[in-house]
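Order of listing sets the numbers, starting from 1, for every ligand and every atom in it.
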Amino acid sequence: MATGLREICHEADLCVVGGGMGGLLTAVAAARRGAKVVLMHDRPVLGGNASSEIRMWICGAGTRVRNLQETGIMEEIALDNMVRNPSRNWSLWDALLYEKARFEPNIDLILNCACSEAEMSTPDSARSTPPGPSGATPLSEGSTPVGNRIVSVAGFQSTTQTRHVVRAKIFADCSGDSILAPLTGAPFRTGREAKAEFGEEFGLPEADRRTMGSSLLIQARETDHKVEFTPPPWAYDFPDDEALNHKPHECLFKPHTNFYWIELGGEADTIADAESLRDELLKIAFGVWDHMKNHGDHGADNWELEWVGFLPGKRESRRYVGDYTLTQNDVEDGGKVFEDVVAYGGWQIDNHLPGGFRMESQGGAHLQKRRLSEPYAIPYRCLYSRDIENLMFAGRNISASHIAFASTRVMGTIGVMGQAVGTAAALAVEKGVAPRGVYEDKALLHELQRRLMDDDCFLPGLRRDVSPLARAATLTADYGDASDLLNGVDRRIWGRDNGYFGKTNCAVTYAFDTPTFVNGFRLVVDSDLDRENFDGHPDLLTIPMPLFRGLGYGNTSFTFPRTVLKRFRVEAQGADGTWETVFETADNHQRLIRGAIGRECLAIRLVPLSTWGSELKDNDYGSSTVHIFAFEPV
Ligand SMILES: Cc1cc2nc3c(=O)[nH]c(=O)nc-3n(C[C@H](O)[C@H](O)[C@H](O)COP(=O)(O)OP(=O)(O)OC[C@H]3O[C@@H](n4cnc5c(N)ncnc54)[C@H](O)[C@@H]3O)c2cc1C
């Protein structure tokens, strides 16, 4: 195979294919939990649709339901971006995502490398593939596994003309398009299910193969002078609003929207037809900008086209079949308990019609929208293949019906799935089991959930196990009641604040009866999950990276959440009664902070010194208020 090409072989515990938000977080989570990871990604920048190549902003459960912003690695990235990229520059965003993978010691990052081959173990004839339920969307080409275990995958790196072969114990397909489905025979679905299959309200009378379409985005900025625009001669002409089917185009004045309806492909094949769809989308995109500038008064005289995406973002293609398929009913029943919850969603059901741009509809391309009032659980069984024993997935390709996918597809939700898959893969490798083994062994499943919550992931219905050391000690606070620090819930939810309101320079102390060895501490501070306590354009506070930059918006940049504890120290009291500083920082910007102590202590205490808000005069947060969700010895 591929004789004449240079070939490099890699060995890993986990190989992640595709570096969108799902793949990136899968890789980072697994690596931080000790797995050796190869991340093979076919683009030069990470983030998939959230990268500068496509420029879609990350939404999640918290965009629609209060206090539900994703935490864990997603929040770490969001806070890093706010502090390091206040003007929201796309290249700095790319650099941040690149850094998370490139400088993580356990990740071997292979960029510009498209996975195109998989080697399977010998087919296991003893294992038969159960037929799909009657009325199901037909499972496509991949319904006959060519072996039930992936041995290796290979990809071509165009920059070096090298074939990279990766042998791994577990593979996570985070390519969006599920490239490992045609390569391995893993079962998958495409299209929209019939109502009869899962009893979904939004299901169709009959299943079909149509999907949501792909879109390319436009970015523009306002200047202080008139800017002319001459469209390329091949752009479509939209002489009036009727020619655009009256699609909404007020995004120059509503910065939290964009031309998302430049969308095609739902009636075609978003994979096989991707190149011709791109050509059509470009004609539409330049035509739309021509319409804005030259056909009618759209307030665009001083606006300059800054960027047009030449790589359309895909909304939908293949979805894998796992041990469980998430449905509309699961998504709408936020109270439904899954013993194997490992992630959650909360974005509305946001279903686009296949017709996309061509639809004669005024309101964009939406078929159904339904807001959810509660987060819903995503079970672990949606994240690994039913038939390929070492294949997992995180992204828009998880095991979900079309309607459930219409909610799970946003990148905040995909990020927390990625953290779950990475953490589970590392656990499976550590314990020598297949991904399904983590579900089947309830002790392992509990351990997975414990690790996720310890890493600041929120799992609906579950409480984090507070450390035994904290339980054994006596907790006191110089100011107020700190008892909620021990309730195992690290965010405002379920009608409770779940945090501790303290004051700067007032310590929170754990005292032990006898000298006790303390490894370290775990601290979770309030990072303002609702994004209320920082400054910026009100419509842009929950949008990490906006597209349109108008002079009239005032400022498209943001400050930093005032609630975050910036300066603090942790002190330990030795057996002789003296206090010593064991951890000190003057510029924390993270929500989850862990520090080492590594000694026998009679007590440890947190001394908060300032928040990002206490440096501002007259701020509405209170100059000496400190709000934390967890602090404990571990
Ligand atoms: C126009 C548009 C608007 C949207 N609006 C929003 C929004 O406002 N907020 C939101 O959160 N979500 C939005 N979404 C949905 C969201 O962007 C996608 O559902 C999400 O990006 C899917 O994430 P993913 O990680 O599965 O895939 P992707 O983001 O597509 O990432 C997968 C990556 O894998 C790479 N890859 C593919 N094949 C291979 C291969 N063979 N080898 C190696 N690498 C490969 C791809 O290049 C890609 O970068 C939108 C989508 C579109 C198209």
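- For atom 26 (O) of ligand 1, the closest heavy atom belonging to the protein is R396 N, 2.9 Å.
- Of the heavy atoms in E263, none comes closer than 4.0 Å to ligand 1.
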Let's go through R55 and N258 carefully: what are the C-alpha distance in whole Å and the side-chain angles of both, what is the deciding distance for side chain to side chain contact (heavy atoms under 4.5 Å, CB included) to 0.1 Å, and is it a yes or a no?
CA-CA 11 Å; R55 306 199 178 188; N258 55 52; over 6 Å; no
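- E119 and S152 share a side-chain donor-acceptor pair at under 3.5 Å.
- The ligand atoms of ligand 1 that sit less than 4.0 angstrom from a heavy atom of R43 are 47 (O).
- Across the listed options E117, M56, H352, M56 owns the non-hydrogen atom lying nearest to atom 8 (O) of ligand 1.
- Interface atoms of ligand 1 facing I179, defined by a heavy-atom separation under 4.0 Å, are 41 (N).
- Annotation for ligand 1: atoms under 4.0 Å from non-hydrogen atoms of K314 are 53 (C).
- Between L96 atom CG and D80 atom CG the span is 5.0 Å, to the nearest 0.5 Å.
- At the shortest separation from atom 33 (C) of ligand 1 among protein heavy atoms lies G20 N, 3.6 Å.
- In terms of protein heavy-atom proximity, atom 42 (N) of ligand 1 is closest to C115 N, 3.0 Å.
- Less than 4.0 angstrom separates some heavy atom of G48 from each of these atoms of ligand 1: 29 (O), 31 (O), 49 (O).
- For the ligand labelled ligand 1, residue I414 lies inside the 4.0 Å heavy-atom shell.
- Distances from atom 46 (C) of ligand 1 to the heavy atoms of I262, D42, T413, I58 put D42 nearest.
- In terms of protein heavy-atom proximity, atom 49 (O) of ligand 1 is closest to H41 CE1, 3.0 Å.
- With atom 37 (C) of ligand 1 as the reference point, the heavy atom nearest to it among G418, G395, G176, S175 is part of S175.
- For atom 15 (C) of ligand 1, the closest heavy atom belonging to the protein is R409 O, 3.5 Å.
- Near M411, with a cut-off below 4.0 Å to any heavy atom, the atoms of ligand 1 are 10 (C), 11 (O), 12 (N), 16 (C), 17 (O), 20 (C), 21 (O).
- Between V166 and D108, every side-chain heavy-atom pair lies at or beyond the 4.5 Å cut-off.
- Within 6.0 Å of the CZ atom in R102, the count of heavy atoms belonging to other residues, nucleotides or ligands does not exceed 12.
- Remark: among candidates C113, G18, S51, G265, the nearest residue to atom 34 (O) of ligand 1 is G18, based on non-hydrogen atoms.
- Heavy-atom contacts of V410 reach the following atoms of ligand 1: 10 (C), 11 (O), 12 (N) (cutoff under 4.0 Å).
- Between N85 and N81, the side chains place a donor N or O and an acceptor N or O closer than 3.5 Å (distance only, hydrogens not considered).
- Residue contact check: S215 has heavy atoms under 4.0 Å from atoms 1 (C) of ligand 1.
- Closest non-hydrogen pair, L216 versus G309, comes out as CD2-O, 3.2 Å.
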Stepwise side chain to side chain contact (heavy atoms under 4.5 Å, CB included) check, V151 with R167:
CA-CA 6 Å; V151 176; R167 296 175 66 89; 3.8 Å; yes
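- Counting heavy atoms closer than 4.0 Å to ligand 1, residue S116 contributes nothing at all.
- At the top of the distance list for atom 29 (O) of ligand 1, counting protein heavy atoms only, stands N49 N, 3.0 Å.
- In this structure, A114 is part of the shell of residues with a heavy atom less than 4.0 angstrom from ligand 1.
- Contact annotation: for W57 versus ligand 1, heavy atoms closer than 4.0 Å belong to both the backbone and the side chain.
- At the top of the distance list for atom 52 (C) of ligand 1, counting protein heavy atoms only, stands R315 CG, 3.6 Å.
- Below 4.0 Å from some heavy atom of G313 lie the following atoms of ligand 1, by number and element: 53 (C).
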Chi angles and distances behind the salt bridge (charged side-chain N to carboxylate O under 4.0 Å, His left out) call for R358, E267
CA-CA 10 Å; R358 305 255 189 256; E267 292 172 327; over 6 Å; no
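- Between F171 and Y320, the ring centre distance reaches or exceeds 6.0 Å.
- Side-chain contact check for R315 and T211: no donor-acceptor pair (N or O, by modelled atom type) lies under 3.5 Å.
- Looking only at side-chain heavy atoms (C-beta outward), H402 and E316 come within less than 4.5 Å of each other.
- In this structure, N390 and P435 approach most closely via the heavy-atom pair CA-CD, 4.1 Å.
- Nearest heavy atoms, S175 versus N397: N-ND2, 4.4 Å.
- Considering backbone and side-chain atoms alike, C59 places an N or O below 3.5 Å from some N or O of ligand 1.
- Which of C174, G19, G22 comes nearest to atom 32 (C) of ligand 1 through a heavy atom is settled by distance: it is C174.
- At a cut-off of 3.5 Å, with distance as the only test, a side-chain donor of R491 or T71 sits close to an acceptor on the other residue.
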